[in-house]
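Side-chain atoms are counted along with the backbone in the values below, which use heavy atoms only and exclude waters and symmetry mates. Below, chain A is the first sequence line, B the second, and so on; all start at residue 1.
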2 protein chains.
Amino acid sequence: MTQRTASAATQSGGLPIQRRTYSIGELAKMFEVTPRTIRFYEQEGLLAPERRGQTRVYREKDRVRLKLTLRGKRLGFSLAEIREVVMMYDAMPDGNARQLQRLLEILAEKRDNLERQLEDIRLMHRELDDVETRAREVLSGLGAEPPKH
Amino acid sequence: MTQRTASAATQSGGLPIQRRTYSIGELAKMFEVTPRTIRFYEQEGLLAPERRGQTRVYREKDRVRLKLTLRGKRLGFSLAEIREVVMMYDAMPDGNARQLQRLLEILAEKRDNLERQLEDIRLMHRELDDVETRAREVLSGLGAEPPKH
DNA sequence: CAAGCACTTTACGTTAACGTAAACCTCGGC
DNA sequence: GCCGAGGTTTACGTTAACGTAAAGTGCTTG
């Protein structure tokens, strides 16, 4: 097998600790992106994996970050926007009040964004329903079998 | 006033007919985009206004199209995707069964997309809640007044 | 030890969706 | 008659988010 991939999750003791690590290729397949994408995200300051020699080693934390990043992308956020939130999230423990205020602002803004998207989705859903209804009507009017699939 | 803009909506009779037209600048302000954007959408086959001489004249239909286009954009659809749906919607009356089938396929796909986005939004919402909660905790721990806004 | 595979860096290429600039027309008002 | 506000075309520039190719490193497997 060509699977000498990641370190085992169990130490001699046997407790399934979170010491699981991932290679860049693993993460890539896991999220259906290319390694290039993951490296690019690192270059953009969204990931900061460790290095074993020259090779990148990703931990759970990195995996979660990547997941959040991709989710943000699906919602149409730019990498810059995503970074802004993710980095502040990480910088939280230092507890700079000013930064936290800024973070809350950003969060409120993102929330507004999501609200608008939700409304857009509802509207779009209706439009699609209309189009589909009309399409089926025309189809049945043609004497074709209405696809009940 | 520099408002010699669009033709009136009422003819001699007085019925508020839909004969309202818009200039490119009007639409631009209305939707907070630039004229360039609107011209670009036309070039991409999303709009097809009439011409009075050389000047573009937009009707209600065009306004609606533009609205749908921008909504689609907010949802992360590419102009190509939007065009695919919008154009088929227009081509519907001809009633080509094959095209209609294709349209239904596309609609189903868009619908799936929307579903995923909804789920993403729900998840993202939770994350934001978490982050905000933590931020407020840290803030209050600092002795600062928790902003009750 | 040679092959192969996964990783690395560097760097140039690409696509979508416009922005921006130049140079022109045209119309109503003073 | 000219000016300014809007409209027009043409064309090159820009940004984000990667793709792609080249050339090298390091392990392990036959």
Side-chain angles (χ1 to χ4, degrees), chain A residues 1-7 21-59 62 65-86, chain B residues 1-8 21-59 62 65-86 113:
Chain A
M1 297 255 182
T2 333
Q3 296 285 72
R4 52 107 192 71
T5 46
S7 66
T21 67
Y22 307 87
S23 75
I24 194 172
E26 284 180 304
L27 283 187
K29 291 199 174 179
M30 181 174 304
F31 291 106
E32 301 191 296
V33 298
T34 69
R36 163 67 181 162
T37 297
I38 298 180
R39 292 198 194 97
F40 181 72
Y41 289 172
E42 175 178 351
Q43 179 182 322
E44 294 299 299
L46 286 163
L47 299 172
E50 300 166 18
R51 299 277 180 142
R52 181 138 31 236
Q54 177 169 243
T55 306
R56 278 164 253 252
V57 176
Y58 300 86
R59 299 190 185 264
D62 301 305
R65 272 204 180 191
L66 180 53
K67 187 180 65 182
L68 292 179
T69 298
L70 294 175
R71 183 182 297 159
K73 280 227 57 191
R74 284 198 298 269
L75 290 178
F77 295 130
S78 73
L79 294 184
E81 292 175 305
I82 296 170
R83 177 179 45 203
E84 210 175 1
V85 170
V86 169
Chain B
M1 298 256 181
T2 334
Q3 294 288 74
R4 52 103 192 74
T5 45
S7 65
T21 67
Y22 307 89
S23 75
I24 195 172
E26 283 180 304
L27 283 188
K29 291 200 173 177
M30 182 174 302
F31 291 106
E32 300 191 296
V33 298
T34 69
R36 163 69 180 159
T37 298
I38 299 181
R39 292 198 194 97
F40 181 72
Y41 289 173
E42 174 178 352
Q43 179 181 324
E44 293 299 299
L46 286 163
L47 298 171
E50 299 165 20
R51 298 278 179 142
R52 180 135 34 234
Q54 179 169 239
T55 306
R56 277 164 254 251
V57 176
Y58 300 86
R59 300 190 182 263
D62 301 306
R65 272 204 180 192
L66 179 53
K67 188 181 65 182
L68 292 179
T69 299
L70 293 174
R71 183 183 296 159
K73 280 226 58 189
R74 284 199 298 270
L75 290 177
F77 294 130
S78 73
L79 293 184
E81 293 175 306
I82 296 171
R83 178 180 44 203
E84 211 174 1
V85 170
V86 169
N113 237 314

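When distances are taken from the side chain of B:Leu79 to each of C:dA17, D:dC18, D:dT9, the shortest belongs to C:dA17. Side chain of A:Ile24, nearest nucleotide from D:dC18, D:dT8, C:dC7: C:dC7.
Rounding to the nearest 0.5 Å places OH of A:Tyr41 at 12.5 Å from CG of A:Leu27. Once rounded to the nearest 0.5 Å, the distance linking CD1 of B:Ile38 with CD of B:Glu26 reads 10.5 Å.
If you measure from atom CG of A:Leu47 to atom P of D:dA17, you get 14 Å, rounded to the nearest angstrom. Distance CD (A:Glu81) to C1' (D:dT15): 14 Å, rounded to an integer number of Å. Summarising the geometry, the separation between NZ on B:Lys29 and P on D:dA5 is reported as 12 Å, rounded to the nearest angstrom. We find that CG of A:Leu27 is positioned 14 Å from C1' of C:dC7, with the value rounded to whole Å. Atom OH of A:Tyr58 and atom C1' of C:dT8 are 11 Å apart (whole Å).
In this structure, the side chain to side chain contact (heavy atoms under 4.5 Å, CB included) partners of B:Arg39, at least two apart in sequence or on a different chain, are B:Ile24, B:Pro35, B:Arg56. A:Lys67 pairs by the side chain to side chain contact (heavy atoms under 4.5 Å, CB included) definition with A:Phe31, A:Arg71, not counting sequence neighbours. Not counting sequence neighbours, the partners of B:Arg74 by the salt bridge (charged side-chain N to carboxylate O under 4.0 Å, His left out) test are A:Asp120. B:Thr55 pairs by the side chain to side chain contact (heavy atoms under 4.5 Å, CB included) definition with nothing, not counting sequence neighbours.
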Strictly under 4.0 angstrom, non-hydrogen atoms only: write out the protein contact profile of nucleotides 22-27 of chain C, one letter per nucleotide from the 5' end, B, S or -.
------
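Side-chain contact between A:Thr21 and A:Glu50 is absent, with no heavy-atom pair separated by less than 4.5 Å.
Here A:Lys73 does not reach the OP1 or OP2 of D:dA16: none of its side-chain N or O atoms lies under 4.0 Å away. For A:Arg56, no side-chain nitrogen or oxygen approaches OP1 or OP2 of C:dC7 to under 4.0 Å. Between A:Ser23 and C:dA6 there is no side-chain N or O to OP1 or OP2 distance below 4.0 Å.
Atom CD of B:Gln43 sits in a crowded spot, with more than 12 heavy atoms from other residues, nucleotides or ligands closer than 6.0 Å.
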Please test B:Tyr58 against B:Glu42 for side chain to side chain contact (heavy atoms under 4.5 Å, CB included), starting from the C-alpha separation and ending with a verdict.
CA-CA 11 Å; B:Tyr58 300 86; B:Glu42 174 178 352; 4.1 Å; yes
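For DNA chain D, the neighbouring residues in residues 34-46 of chain A, judged by any heavy atom under 4.0 Å, are A:Thr34, A:Arg36, A:Thr37, A:Phe40, A:Tyr41.
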